[in-house]
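Read the structure below first, then the notes.
Only this structure's heavy atoms are used, side chains among them; waters, hydrogens and symmetry mates stay out.
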Amino acid sequence: MPKQTVAEQFIDILVRAGVRRLYGVVGDSLNPVVDAVRRHSGIDWIQVRHEEAAAFAAGAEAQLTGKLAACAGSCGPGNLHLINGLYDAHRSMAPVLALASHIPSSEIGTGFFQETHPDRLFAECSHYSELISSGRQMPRVLQTAIQHAIGRSRVSVVSLPGDIAAEPAPERAIEHALVTSRPSVRPGDDEIDRLARLVDRAGRVTLFCGSGTAGAHAEVMEFAERVKSPVGHALRGKEWIQYENPYDVGMSGLLGYGAAYEATHECDLLILLGTDFPYNAFLPDDVPIVQVDVRPEHLGRRSQLDLAVWGDVRETLRCLIPRVREKTDRRFLDRMLKKHADALEGVVKAYTRKVEKHVPIHPEYVASVLDEEAADDAVFTVDTGMCNVWAARYLSPNGRRRVIGSFTHGSMANALPQAIGAQFPDRGRQVVSMSGDGGFTMLMGDFLTLVQYDLPVKVVLFNNSSLGMVELEMMVSGLPSYGTTNRNPDFAAIARAAGAHGERVEKPGQLRGALRAAFRHRGPALVDVVTDPNALSIPPKISAEMVSGFALSAGKMVLAGGVGRMVQLARSNLRNIPRV
């Protein structure tokens with residue numbers, strides 16, 4: 001029986017760790033690994049057109065499945081292209097293993113053709129980045145990398161020279177049982193008791209929730225009812241906490257809406273649940289704050305805390321709920337619900353007047369119709385920029401839908417490659433890429449990946465021929481927009497030429513039919529919607545100090561932004577207020 005190579009051993013271990021796809025672009029130093037994939041029945045090589053797309057796709061798959069995903073790049077420029085997608089995966093807390101193939105080991109340090117030092121390059125966007133300089137380091141280095149990626153839900157990078165990958169694997173190598181899931185973390189009784197005392201002393205409590213509330217919806221609702229608390233959320237917490245939430249007061253931050261800002265500033269105790277919300281200028285500095293997070297490095301890095309609690313949100317609340325006294329005074333909660341509903345009523349009118357006839361089409365209208373037509377379990381991948389605004393304000397979560405974007409790293413061009421990674425694990429689930437024309441064209445080559453693998457991703461292109469968010473930043477800084485205009489082709493024609501379904505929509509009356517046709521189509525589809533470049537958005541509560549480049553004076557120039565079906569939820573919550 002032929003002796004196993006290092007590359008074959010590498011792939012065997014990935015498969016044992018649950019990896020089913022390796023995204024990348026082939027190349028000479030990577031060839032032994034790609035050939036090992038070809039001969040292994042448990043894993044597929046997914047050929048993308050750009051390595052950046054490979055890293056984004058792996059990160060999206062990991063976020064969607066909660067399991068380890070993997071990508072690869074050949075030596076030098078090949079693996080260097082992975083870096084932006086890996087930064088996004090790392091900051092999105094996605095467990096990703098990246099293979100950075102390397103030049104021949106004998107040439108490292110000589111300035112050889114395509115030489116870089118990937119073990120150094122990827123150090124900042126990973127928790128583990130190591131070079132295998134000898135086959136004897138296998139399999140321990142790879143196993144250690146996998147356990148870092150899974151245990152810390154971040155990126156690990158292994159650099160492997162092509163000549164070492166082709167060598168025979170060492171005999172009697174130690175392969176131990178791999179850790180493939182993370183444990184729950186429960187705070188100590190002392191922390192729970194201290195938190196209970198703070199809650200009992202506070203007359204008005206507000207909860208502000210992030211992505212760490214995933215899987216804790218029931219516990220958050222039970223706790224909110226017990227202490228009569230408004231519940232606000234950050235963008236990454238929207239999909240986990242907003243649905244079936246009678247305490248919802250909206251979202252805070254640059255894309256915020258509703259009464260979340262007021263609820264966090266007018267309470268006696270603010271509890272941050274599973275959020276690493278980056279915009280500390282939107283958080284109060286004169287209210288006692290408690291933060292609960294499973295990652296201790298997140299505690300206190302955004303605001304001064306009165307209590308830091310290290311633990312899973314769900315486990316923490318399960319311990320806390322029986323220890324706090326039930327509050328009976330709903331006045332603060334009801335006032336915030338009323339303020340939230342009033343705020344949404346005030347802005348929704350801006351986009352309910354003749355939107356079905358407005359040309360160019362309001363992007364808000366596109367997002368609203370998309371929300372109505374998309375499947376109840378759809379996965380939305382969202383480009384950075386104005387698409388973030390439309391997703392935050394118009395997509396309605398229901399506990400089954402997912403929304404993935406570059407919400408922390410803030411990269412352009414993320415939606416299309418993330419849709420690739422979201423679609424592969426389940427071809428029967430609807431995946432929608434909400435792409436801006438700027439982001440789409442940056443990695444447009446990977447639309448061909450959809451066609452090559454017949455992935456049924458639906459790309460809804462918000463085509464305003466501009467970099468809308470950048471124009472907004474310039475405008476509110478008092479600068480004329482410059483370098484933000486795109487001269488675009490008919491993207492639907494390009495899609496059809498590539499072998500996909502393509503429709504161009506220039507009038508509102510065409511929109512719903514075009515979306516339905518795309519969703520019915522069994523393969524990849526693109527709907528190119530020509531939208532109004534003047535439809536920009538700004539949050540309802542903002543000052544010049546909150547973020548560089550924004551100012552209050554911009555309010556007279558920029559629309560406040562609609563909110564879609566969220567106004568219906570707010571009205572429903574008002575009806576639930578007890579009448580006395």
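At least one side-chain heavy atom of C209 sits under 4.5 Å from a side-chain heavy atom of V231. For the pair T381 and S433, the minimum side-chain heavy-atom distance is below 4.5 Å. By the 4.5 Å heavy-atom criterion applied to side chains, Q418 and D88 are counted as neighbours. Annotation: side chain of L22 is in contact with side chain of I11 (closest heavy-atom distance under 4.5 Å). Using a 4.5 Å cut-off on side-chain heavy atoms (C-beta onward), F462 and M434 make contact. Using a 4.5 Å cut-off on side-chain heavy atoms (C-beta onward), E506 and V359 make no contact. Counting heavy atoms from C-beta on, the side chains of C71 and L99 never come closer than 4.5 Å.
The closest side-chain donor-acceptor pair between S411 and N84 falls under 3.5 angstrom. There is a side-chain donor-acceptor pair under 3.5 Å between E225 and Y247.
Remark: T484 pairs with E471 by the side chain to side chain donor-acceptor pair (under 3.5 Å) rule, at least two apart or across chains. Partners of E239 according to the side chain to side chain donor-acceptor pair (under 3.5 Å) rule, which considers only residues two or more places apart in sequence or in another chain, are R402. Applying the side chain to side chain donor-acceptor pair (under 3.5 Å) test to R236 and every residue at least two apart in sequence or in another chain returns nothing. Applying the ring pair (Phe, Tyr, Trp, His ring centres under 6.0 Å) rule to H521 yields the partners H501; only residues at least two apart in sequence or on another chain are considered.
A salt bridge is absent between E364 and R393; no separation between the charged side-chain nitrogens and carboxylate oxygens falls under 4.0 Å. Residues D342 and K338 are paired through a salt bridge, judged by an N-O separation under 4.0 Å between the basic side chain and the carboxylate. Classification of R91 and D276 as a salt-bridged pair fails, no side-chain N sitting under 4.0 Å from a carboxylate O.
Rounding to the nearest 0.5 angstrom, the gap separating the CH2 atom in W390 from the NE2 atom in H362 is 9.5 Å. Note that CG of D248 and CG of L344 are 8.5 Å apart. Values are rounded to the nearest 0.5 Å. One finds the CD atom of Q423 at 9.0 Å from the CD atom of Q430 (value rounded to the nearest 0.5 Å).
Ring geometry for H409 versus Y87: interplanar angle under 30°, hence parallel rather than tilted (30 to 60°).
Pairs passing the salt bridge (charged side-chain N to carboxylate O under 4.0 Å, His left out) check and including a residue from residues 50-72, sequence neighbours excluded, read R21-E61.
Of the possible polar contacts, none joining the K458 side chain to the F519 backbone as a donor-acceptor pair under 3.5 Å is found.
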Step by step, work out the side chain to side chain contact (heavy atoms under 4.5 Å, CB included) result for D437 and N464. CA-CA 7 Å; D437 58 287; N464 63 0; 2.9 Å; yes
Ignoring hydrogens and angles, write down the donor-acceptor pairs under 3.5 Å from the side chains of residues 443-452, residues two or more places apart or on other chains.
residue, atom, partner, partner atom, Å
D446, OD1, R49, N, 2.9
D446, OD1, T449, OG1, 2.5
D446, OD2, H50, N, 3.3
Q452, OE1, R49, NH2, 3.0

